[in-house]
Amino acid sequence: MTDTASPIGRPLFASLPGDIDVSFEFFPPKTEKSEQQLWETVLALAPLAPQFVSVTYGAGGSTRDRTHDMVARIIRETGLPTAAHLTCVEASKAEIREVAEAYWEAGVRHIVALRGDPPTMGDTFVPHPDGYASAADLVAGLKEIAPFDISVAAYPETHPEALSADADLDNLKRKLDAGASRAITQFFFAPEKYLAFRDRAAAAGITAPILPGILPVSNVAQTRKFAQACGAVIPDWMEELFEGLDNRPESRKLVAATIAAEMCRSLYAEGVRDFHFYTLNRAELSYAVCHLLGMRPREAAKVQENAA
């Protein structure tokens with residue numbers, strides 16, 4: 001018997017026009033095999049014509065050379081707008097200037113500027129004696145080096161080291177006032193967390209775009225570690241959905257894509273049109289979510305030609 005009080009509504013992803021912009025984040029490879037996997041991921045996602053892609057930077061510059069090489073290769077061989085990450089960790093202002101100038105020479109015009117975390121999890125951040133003490137200081141310093149487009153981090157569930165949510169928001173405002181163009185949020189799994197943060201930011205006078213950071217979960221145990229480190233909450237219902245899937249990777253991918261796509265669809269319904277995907281160097285889940293949101297390849301021929 002059909003319950004007329006609860007009719008089946010419009011399909012969740014029906015007829016979406018694909019009127020969104022996306023960006024993708026990668027981390028630098030440690031081996032030749034992982035470099036090949038990353039490159040295949042870049043080529044798989046490039047036809048979606050992202051607004052930019054970014055490559056992360058290890059604590060204390062531990063992956064500096066690999067980051068630089070991969071950023072330079074993406075720019076050279078695909079023509080995609082590519083951002084490099086820079087942190088304050090264990091680096092003097094002179095060292096950061098050297099790295100930033102090298103990026104500018106390589107064609108990098110976009111920097112993701114972060115304070116960064118200490119190399120050892122749990123340690124307290126201590127600025128280099130001749131370095132920048134905060135991400136806001138780093139942004140201001142980079143603007144003196146070259147007219148970089150700069151992105152910074154935001155935390156819908158509050159940075160673990162912040163004194164309060166208001167203090168965390170004040171810190172974001174300082175970074176934007178120092179010259180950053182946009183903020184990219186830490187990942188989250190409850191749309192209402194991002195929407196409430198966006199509203200609080202607007203009330204505080206922040207007008208810069210705040211891109212939601214989307215993490216399609218490919219490895220549940222790894223995601224728990226990430227969440228613990230950055231203060232993100234994994235809802236109980238989400239933990240329950242992944243129960244029993246440790247040895248069923250294909251089913252786990254389907255569940256992960258469903259969760260991420262539904263969250264993005266909820267954000268879309270609230271007016272969000274920009275999404276930043278933490279890919280973990282794998283294309284399938286992020287591509288699937290973008291497809292469900294109505295995106296289709298936009299520059300496939302150009303990317304293939306550049307990559308040939």
Side-chain angles (χ1 to χ4, degrees), residues 20-30 34-35 37-59 61-89 91 96 99-100 102-104 106-117 135 138-139 142-143 146-155 172 175-176 179-188 208-216 226 230 274-283 285-287 289-290 299 303:
I20 64 171
D21 288 314
V22 297
S23 51
F24 301 113
E25 184 169 302
F26 312 116
F27 61 84
K30 295 182 179 180
S34 60
E35 181 174 353
Q37 176 183 310
L38 170 54
W39 190 244
E40 290 172 358
T41 297
V42 170
L43 294 182
L45 294 172
L48 295 177
Q51 291 296 102
F52 66 91
V53 300
S54 69
V55 182
T56 63
Y57 189 70
S62 58
T63 56
R64 177 183 300 173
D65 291 341
R66 291 193 184 96
T67 297
H68 183 279
D69 292 346
M70 183 51 64
V71 166
R73 184 183 181 187
I74 294 172
I75 292 173
R76 183 176 64 250
E77 298 188 31
T78 72
L80 291 173
T82 307
H85 288 220
L86 271 177
T87 76
C88 304
V89 179
I96 288 175
V99 173
Y103 277 135
W104 188 266
V108 176
R109 299 295 180 263
H110 185 174
I111 297 288
V112 179
L114 309 165
R115 189 207 69 180
D117 297 317
L138 176 59
V139 171
L142 289 170
K143 282 295 188 179
F148 287 109
D149 179 20
I150 299 177
S151 296
V152 293
Y155 297 84
L172 173 59
K175 292 186 284 189
L176 294 166
S181 303
R182 73 189 59 75
I184 302 170
T185 77
Q186 185 52 263
F187 66 83
F188 55 90
I210 300 177
L211 279 58
I214 308 299
L215 176 64
F226 290 161
C230 69
D274 294 276
F275 298 88
H276 182 79
F277 289 89
Y278 297 106
T279 69
L280 301 184
N281 291 7
R282 297 182 182 278
L285 292 178
S286 297
Y287 193 101
V289 174
C290 291
E299 297 186 352
V303 171

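The basis for the numbers below is simple: all heavy atoms, side chains too, and nothing from hydrogens, waters or symmetry mates. Residues: numbered from 1 along the sequence shown.
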- Query: What are the two closest non-hydrogen atoms of Thr56 and Thr67, and how far apart are they?
  - Reply: O-OG1, 2.7 Å
- Separation of Leu172 CG from Ile210 CD1 (nearest 0.5 Å): 6.0 Å
- When rounded to the nearest 0.5 angstrom, what distance separates CD in Gln51 from OG in Ser23? 8.0 Å
- Item | For Leu114 against His85, the heavy-atom pair lying closest together | CD1-ND1, 3.7 Å
- Item | Closest approach of Ala208 to Ser181 (non-hydrogen atoms, all atoms of both residues) | CB-O, 3.5 Å
- Less than 4.5 Å apart, any side-chain heavy atom of Leu142 and any of Ile150? yes
- Leu138 vs Lys175 side-chain heavy atoms within contact, under 4.5 Å: no
- Heavy atoms, side chains only, cut-off 4.5 Å: are His276 and Ser151 in contact? no
- Task: Under the side-chain hydrogen bond (donor to acceptor under 3.5 Å, both in side chains) rule, collect the residues that match up with Gln37, sequence neighbours excluded.
- Result: none
- Query: Should Pro209 and Asp274 count as side-chain neighbours, where that means a heavy-atom distance under 4.5 Å?
  - Reply: no
- How far does CZ of Arg109 sit from CG of Asp149, to the nearest 0.5 angstrom? 11.5 Å
- Query: In chain order, what residues pass the ring-ring contact (aromatic ring centres under 6.0 Å, His included) check against Phe188, with sequence neighbours excluded?
  - Reply: Tyr194
- Query: Does the side chain of Val53 come within less than 4.5 Å of Val42's, by heavy atoms?
  - Reply: no
- Spacing of Ile96 atom CD1 and Tyr103 atom OH [to the nearest 0.5 Å]: 11.5 Å
- If you take all heavy atoms of Ala106 and Ile75, which pair is closest and at what distance? O-CD1, 4.0 Å
- Could you tell me how the ring of Phe148 sits relative to the ring of Trp104: parallel (under 30°), tilted (30 to 60°) or perpendicular (over 60°)? perpendicular
- Message: Any heavy-atom pair between the side chains of Pro50 and Leu45 that's under 4.5 Å?
- Response: no
- Message: For Arg182, is the CZ atom crowded, meaning more than 12 foreign heavy atoms sit under 6.0 Å from it?
- Response: yes
- Note on the structure: Note: Val108 and Ala84 closest approach over all heavy atoms is CG1-N, 4.2 Å
- Message: Nearest 0.5 angstrom please: Leu38 CG to Phe26 CZ, how far?
- Response: 6.5 Å
- Message: Could you measure the distance from the CZ atom of Arg76 to the OG1 atom of Thr82? Nearest 0.5 Å is fine.
- Response: 11.0 Å
- Message: Tell me which one of Tyr278, Phe275, Phe24 satisfies side chain to side chain contact (heavy atoms under 4.5 Å, CB included) with Ser286.
- Response: Phe24
- Message: Less than 4.5 Å apart, side chain to side chain, heavy atoms only: is that true for Ile74 and Trp39?
- Response: yes
